[in-house]
Each structure stands twice: as C-alpha cells, then as structure tokens.
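By convention in this document, chain letters (A, B, ...) are assigned in the order of the sequence lines, proteins followed by strands, and residues within each chain are numbered from 1.
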There are 2 protein chains.
Amino acid sequence: MATKTTIHDIASFLNVTASTVSRALNNNPRISENTRKAVLKAAKQLNYQPNNIAAALRNGKSNLIGVIVPTADRAFFSSVVRGIEEIANRLGYKIIICQSYDDYSKEIQTVEALANARVDGIIASIGKETVNFDHYNDLLKKGIPIVLFDRTTDQLAVNQVMIDDYQGAYDAVSHLVDEGCQRIAHFTSPVKISIYKERLRGYTDALKDHGIPFDDNLVIESNLQLEGGRQSMLQLLELNKMPDAIFSASDYGAMGAMQVLKEKKIKIPQQVALVGFANEPFTSFTDPTLTTVDQLSLAMGHVTAELFFDQLNSLDKQIPQRTQKTVLQPQLIIRQSSLRSSGRV
Amino acid sequence: MATKTTIHDIASFLNVTASTVSRALNNNPRISENTRKAVLKAAKQLNYQPNNIAAALRNGKSNLIGVIVPTADRAFFSSVVRGIEEIANRLGYKIIICQSYDDYSKEIQTVEALANARVDGIIASIGKETVNFDHYNDLLKKGIPIVLFDRTTDQLAVNQVMIDDYQGAYDAVSHLVDEGCQRIAHFTSPVKISIYKERLRGYTDALKDHGIPFDDNLVIESNLQLEGGRQSMLQLLELNKMPDAIFSASDYGAMGAMQVLKEKKIKIPQQVALVGFANEPFTSFTDPTLTTVDQLSLAMGHVTAELFFDQLNSLDKQIPQRTQKTVLQPQLIIRQSSLRSSGRV
DNA sequence: CTTAAATGTGCAATCGATTGCATGTTAATA
DNA sequence: TATTAACATGCAATCGATTGCACATTTAAG
C-alpha cells in the first residue's frame with residue numbers, strides 16, 4: 001500500500017519548499033516557468049494526488065454541494081439531480097445527494113449533517129411534512145447559500161426555481177374543455193404544499209374562465225399514488241353523474257384511474273378523458289398513452305444549479321443579494337387519453 | 001453572519017483546553033462526568049457544529065463514500081443507490097453520487113476526483129465502455145476499498161454483488177417454453193459486458209435444455225432502448241417465419257417490440273409472447289402488462305453496502321481480505337404479455 | 001504518614017495545503 | 001557603479017480536531 005505523496009514529498013524531491021510546490025500547482029504567477037514544469041513533472045512521477053480535505057480546511061471551502069430531495073428514485077427528482085450534477089461537475093464541484101423521505105426529522109438531521117460536512121451550499125426540495133424552516137434558517141445565518149427547487153416555500157428568503165404549476169393545470173383543464181369535456185374532476189393531495197395548491201387553483205380558475213361551475217364532489221384527495229388514484233376513481237364512479245374527464249395532479253393517480261376505467265370497460269377518452277402531471281416515463285407506454293404536463297426536470301436542474309452558482313460567486317464578491325423566483329413554463333404533452341375530437345395524435 | 005464556533009471557543013468559555021473539549025465530545029472515558037456535562041451544555045449554548053473537514057484531515061477518514069453509477073435517472077440504479085444510502089446513513093456515512101454516463105474518460109475523472117475528495121471507499125457499477133481498469137487498481141494500491149455491483153468485472157480483485165443474470169434469463173426462456181413457445185427470439189446488446197453475456201448464455205442454455213434448436217437469426221442486437229426494440233422487432237418481422245416469443249435483455253427493448261406488434265395488430269401473447277428484463281416501473285402499466293425479471297434493486301443496494309462496510313471494518317482490524325462474489329437470485333414476474341396457456345394472471 | 005495507583009487536564013505536535021510577509025537574487029535604470 | 005525594481009522562493013502561521021505524553025491532584029493501600 002503506497003503511502004500517499006504530499007506536496008512536501010515533491011518539495012524535498014526537488015529541494016524546494018512546500019510553498020513553492022503549492023504555488024506551482026496552483027499556477028501562481030510568481031513561480032518561474034522552469035520550477036513549475038519541474039514540479040508538474042515530479043508530481044506526475046511521484047503519483048501525487050492532491051488532498052482536497054486539507055485544502056478545504058485551509059480555504060474554508062469544500063467544493064461540495066449538498067442536494068436534498070424527498071426521494072432519488074422518482075424520475076422527476078433523479079432527472080433534476082442529473083441536471084444539477086452536470087453543471088456542478090463542469091464547475092469543479094461534486095454533489096452529495098441526500099434523501100429526506102419526506103420525513104421532517106430526517107430532513108433536519110440531513111441539513112445538519114451537510115453543514116458539518118462543510119458543504120459550500122445546499123440545493124433542496126423540501127419535504128411534504130415540513131412546515132417549520134428553522135433548520136434552513138440556521139444555515140442562512142451562517143452564510144451558507146441555499147436554493148430551493150420545485151417544492152419551495154415563501155417562508156425562506158432564498159432563491160427558488162419552480163414550474164408554473166398553476167399554468168400547467170390551467171392549460172391541462174383548458175385542453176380538456178376544448179376536447180368537449182364539461183364535468184372535469186381533479187385528483188389532489190390532502191397535504192397542501194404549494195405545488196398542489198397551485199394545481200388546484202389552476203383547475204378552478206380554468207373552470208371558471210370557461211364558464212363551468214365548480215363542483216366540490218369532483219375534487220378528490222388521496223396520496224396520489226397508484227392505489228390512491230384507484231380509490232379516487234372508485235369514489236367518482238359512485239356519484240350520480242359520472243365525470244367526463246379527470247385532471248390528476250400526478251401521473252400515478254391518473255394511472256390508477258386508467259386501470260379502474262379499463263376494468264369497468266369505460267372508454268378512454270370517449271367516456272372519460274384523462275390528464276396526469278409530471279410526464280413520468282411510463283406515460284408514453286400506457287394504452288391509451290397518457291396526456292400529461294411535462295415539468296422540464298433536466299432544465300430545472302440546470303437552471304437551479306446555475307442560479308445557485310451565480311449566488312455562490314456573488315457571495316464571494318460581496319454583491320448584495322436579492323432573492324428571486326425563477327418560474328419555468330411547463331409543457332402540456334397531448335396524447336391519446338384526452339384526444340376525443342379526432343384521430344390526430 | 002455568525003462566525004462558526006470551534007472547540008477552542010467552547011474551551012475558553014469554560015476555562016479548559018481544546019483537548020478536554022474534544023475528549024468530552026467524543027466520550028473519552030478520561031473526562032470527568034461534570035466536565036463532560038459542562039462541555040455538552042456549552043456546546044449547545046454556543047451553537048457548536050463540529051467541523052468534519054478538520055476531523056477528516058486529522059483522522060484520515062472522511063466518512064464519505066463515493067458511489068459511481070452510469071446514470072442516476074434509471075429506476076434500477078436510483079433504487080440501488082437508495083438502498084446503499086439507507087445503510088450508509090445508518091452507519092454515519094454520507095454518499096457522494098457520481099454519474100459516469102457510460103463514458104470511459106468521465107469515469108476515470110470521477111474516480112480520481114473521489115480519491116482526491118478522500119472518500120473512505122467507492123461503490124461502483126462500471127461503464128459499458130470500460131475495458132481497462134487501471135484507474136480502479138490505482139485506488140486499490142492505495143488501500144481504498146472498492147465494491148462493485150451489477151456491472152462487474154473479473155479483472156478487479158474486489159468484492160462484487162450481482163444478480164444471477166444467467167438464471168434470470170434461463171427462467172424467463174423456460175417460462176416461455178412452458179407457455180408453448182417454440183421459436184423464441186432474443187434482444188441483446190452488441191456491447192458484451194457481463195450482464196448481457198450471461199443473459200445470452202441463459203437464453204441459449206434454456207433453449208438447449210428444452211430441445212429447441214438455436215437460430216442465429218433470432219438473436220438481434222441493438223442499444224436495447226425503445227427505438228432499438230422497435231428496429232429489432234421490424235427486423236424480426238421480415239423473417240420468413242416469425243418468432244412466437246421474444247425475450248429482451250431490457251424492458252425498454254421489449255416495450256419497443258410491444259409497440260410495433262400492436263401497430264401491426266399482432267396479438268400479444270397469443271401470436272408473440274414478450275418477456276423483458278429489469279422490472280422497470282412502467283412494465284406493470286403497459287397493456288398487456290409486461291412479464292419481466294426483477295433485479296431486487298433495493299436489496300442489491302443493501303447487500304452491496306453491507307458488504308462494503310464489512311470490508312471497511314475488517315480493513316481497520318487488519319483482517320486479511322478474500323474477495324467474494326455475492327449473487328442474488330432474480331425473480332421472474334409473470335404478467336399478461338407471456339401468459340398464453342390460460343386466463344390466470 | 002508515605003508511596004503507589006488512579007484519575008483528570010494540559011501541552012504541543014499532527015494531518016496537508018495555503019498564503020502574507022520577509023528575504024535573497026537578478027536585471028534594469030540612472 | 002550604485003540603486004531600485006522585478007522576480008523567485010522560503011519562513012512560519014493557519015484552518016479545527018485529535019491524541020501521545022507529561023503533569024498535577026486525588027484516592028487507596030501499606
């Protein structure tokens with residue numbers, strides 16, 4: 001097991017000091033070209049690997065970014081993370097990914113652990129349960145930059161990136177109306193974090209703007225998972241008058257509805273049209289394929305990371321901060337499950 | 001912006017030295033109970049957060065584990081990662097996730113960057129292109145433990161966790177034979193990393209054991225993505241005699257075939273039965289639902305992490321290592337796409 | 001009452017890289 | 001030739017936590 005070489009090893013090898021080696025490796029202009037070359041050569045020869053830990057301690061900067069997501073195995077989040085990672089790597093940063101599992105105490109622990117690991121900042125999507133944000137505010141007080149994406153909050157004075165959930169929902173419902181639907185149900189979550197609030201608002205506003213009365217019975221709450229969607233659908237089927245369309249705040253919820261409808265031999269979209277939300281990979285594989293709202297996850301990752309690093313750099317330069325919200329426009333992906341009017345797909 | 005408190009701040013606050021504080025915080029038995037309590041109290045009062053970087057430098061141990069996957073936004077990998085993270089967190093470690101994007105030079109860079117970040121070890125699934133393993137061997141020489149999962153190699157003397165791809169394929173094909181299929185095609189990758197080699201071997205052996213002649217025309221190579229599956233299917237349709245079943249080494253490939261078959265009004269499974277591989281989330285949402293081989297991704301993450309930490313601990317104790325392969329048995333998930341014999345699902 | 005053992009803290013070095021300041025050398029200018 | 005500027009490198013402190021060894025105090029044993 002080779003003992004690791006340090007700049008001191010290189011220094012004594014070349015009969016100079018560690019200072020010189022350090023400067024040479026960091027392209028400090030005060031080092032002569034000859035020395036620099038000699039150092040680089042010796043470094044290669046001795047198989048030198050810089051110790052980022054030591055540099056981090058000295059510089060107070062780890063080049064590590066903490067990323068907190070509720071869960072990494074959901075297409076949306078893993079895709080955002082990928083976007084973040086692409087930008088981060090390009091700038092010489094690595095990311096530490098942590099999952100909160102939508103658990104409040106786990107989120108607190110995670111934030112603290114990342115702070116102790118001396119990450120240079122945190123990019124997070126907050127958990128569903130989280131209503132108190134002290135753990136994030138503590139970081140802000142210490143000057144650790146934070147950027148939130150998707151699941152955001154106005155209770156923190158930080159930069160945020162989200163999609164326009166309101167508009168996405170509005171577009172989805174408008175589309176259903178255009179297709180001739182008049183009795184449109186909505187699947188939502190009982191936990192009213194902003195994204196679900198906004199989607200509900202988009203739904204009701206779209207109805208209003210199209211002169212369709214709002215019916216409380218048509219708004220069904222569930223966990224928005226597959227089973228939740230199934231239950232919600234069964235609940236709708238017990239109404240005197242069935243809806244002719246469903247706008248679900250999640251693709252999984254819509255999928256549950258689709259399963260039940262198919263089991264009951266109810267035709268999609270002729271009898272009931274369906275629209276989901278998130279553009280999960282499976283939505284293009286169902287039969288019929290599922291109309292949904294794309295959240296531009298990769299782009300969101302990119303934008304979030306760019307915003308984060310902008311902030312990080314301006315912090316260095318003592319540029320005063322103003323928190324900003326970046327809102328991305330989602331895109332309605334029209335597929336078979338909502339296309340009643342014609343054969344076009 | 002509060003300047004961060006260190007053990008020295010606590011020390012001077014209590015009129016003791018940093019040594020005492022450090023020992024108290026680490027539950028060193030040589031510290032009196034009174035002092036310990038006082039230190040803990042002061043730490044809380046001064047809002048002390050340990051600096052892991054400093055400890056890492058001193059201890060030569062970062063409590064960080066590097067995890068390298070080809071891509072984090074594939075269900076299988078993100079699920080394994082989740083499994084790894086669960087175990088790691090429980091043991092006080094955090095993981096740094098890096099994506100190689102199946103790019104050889106990116107993989108080399110990543111390994112090096114993780115080494116520089118002084119991770120305590122690496123858990124990896126190697127890229128498709130990778131045929132030279134020097135970058136990993138360099139780490140081994142430095143005593144950094146490595147465990148591989150899923151995409152492994154015999155060219156590295158490290159612990160490995162994989163599923164029995166051979167058996168998974170063998171079971172899948174046997175199942176198709178049981179369902180009465182006699183002309184079974186196979187979708188595979190031109191890149192013959194071990195997983196694809198093993199699945200091909202399972203396919204051929206199963207045919208042989210059931211007395212079905214091997215037909216070269218029925219083995220189609222593609223990238224195994226959706227489009228690849230479509231192309232492969234079209235290729236098969238041009239044969240004089242169509243196959244009556246397809247075993248695809250990936251779910252996406254099977255999905256492509258399903259799409260083409262449905263477009264051509266060819267009945268699944270009556271005319272052509274389908275089996276995929278990986279149990280991607282969408283496979284239970286297709287119509288017909290797709291028979292596939294589950295890879296126990298979460299379990300694989302758990303097992304891999306446990307193996308890794310066992311090794312890490314025994315390294316500390318200077319226990320001699322013997323590399324071992326852990327092979328998990330995959331599970332055939334039988335769904336509609338392959339069930340010809342009866343109505344049971 | 002003396003001596004040895006047990007107990008609780010402090011001192012100072014260490015991990016490896018970085019950097020302000022000082023010093024020595026060479027080249028350029030008057 | 002003297003003087004100064006420009007250049008190249010070294011010295012030593014620093015980042016924060018840890019730990020072997022030394023020292024002082026208390027307790028127990030003889």
Exercise for review: Applying side-chain contact (heavy atoms from CB on, under 4.5 Å), name anything that partners A/Gln155, two or more places apart in sequence or on another chain.
Suggested key: A/Phe133, A/Thr153
**Study point:** Qualifying salt bridge (Lys or Arg N to Asp or Glu O under 4.0 Å) pairs with a residue from residues 77-102 of chain B, counting only residues at least two apart or across chains
**Key:** A/Asp73-B/Arg82, B/Arg82-B/Glu86, B/Asp102-B/Arg151
Check your understanding: Pairs in or reaching into residues 116-133 of chain A: which pass salt bridge (Lys or Arg N to Asp or Glu O under 4.0 Å), with residues at least two apart or in two chains?
Key ->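 Every salt bridge (Lys or Arg N to Asp or Glu O under 4.0 Å) pair that includes a residue of residues 116-133 of chain A, provided the two are not neighbours, is A/Lys61-A/Asp120.
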Practice item. For residues A/Val81 and A/Ile95, determine if any side-chain heavy atom of one lies less than 4.5 Å from a side-chain heavy atom of the other. Key: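 Touching, per the 4.5 Å side-chain cut-off.
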Check nucleotides 26-28 of chain C for protein N or O atoms closer than 3.5 Å to its own N or O atoms and list the pairs.
none

Check your understanding: Contact boundaries of DNA chain D with chain B (under 4.0 Å, heavy atoms), 5' to 3'?
Key -> D/dG16 to D/dA22
Identify, with sequence neighbours excluded, every residue that meets ring-ring contact (aromatic ring centres under 6.0 Å, His included) alongside [X].
X: B/Tyr104; result: B/His135
X: B/His8; result: none
X: A/His302; result: none
X: B/Tyr93; result: B/Phe309

Review point. To the nearest 10 degrees, what angle separates the axes at the start and end of the helix from C/dC1-D/dG30 to C/dA30-D/dT1, five pairs each?
Key: 50°
Exercise for review: Could you identify which residues of residues 51-59 of chain A place a heavy atom less than 4.0 Å from some atom of DNA chain C, listed by residue number, or say none?
Suggested key: A/Asn51, A/Ala54, A/Ala55, A/Arg58, A/Asn59
Review point. Between C/dG10 and B/Thr20, is there an OP1 or OP2 to side-chain N/O distance shorter than 4.0 Å?
Key: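 Looking at the OP1 and OP2 atoms of C/dG10, one of them is under 4.0 Å from a side-chain N or O of B/Thr20.
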With heavy atoms under 4.0 Å as the rule, sort [X] into base, sugar-phosphate or nothing.
X: A/Ser19; result: base
X: B/Val16; result: sugar-phosphate
X: B/Ser22; result: base

Exercise for review: Specify the residues of residues 26-38 of chain B, ordered by number, for which at least one heavy atom lies under 4.0 angstrom from an atom of DNA chain D.
Suggested key: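 Contacts with DNA chain D under 4.0 Å: B/Asn26, B/Arg30.
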Point to revise | Test applied, side chain to side chain contact (heavy atoms under 4.5 Å, CB included); reference residue, A/Ile68; option that passes from A/Ile97, A/Ile146, A/Ile122 | key: A/Ile122
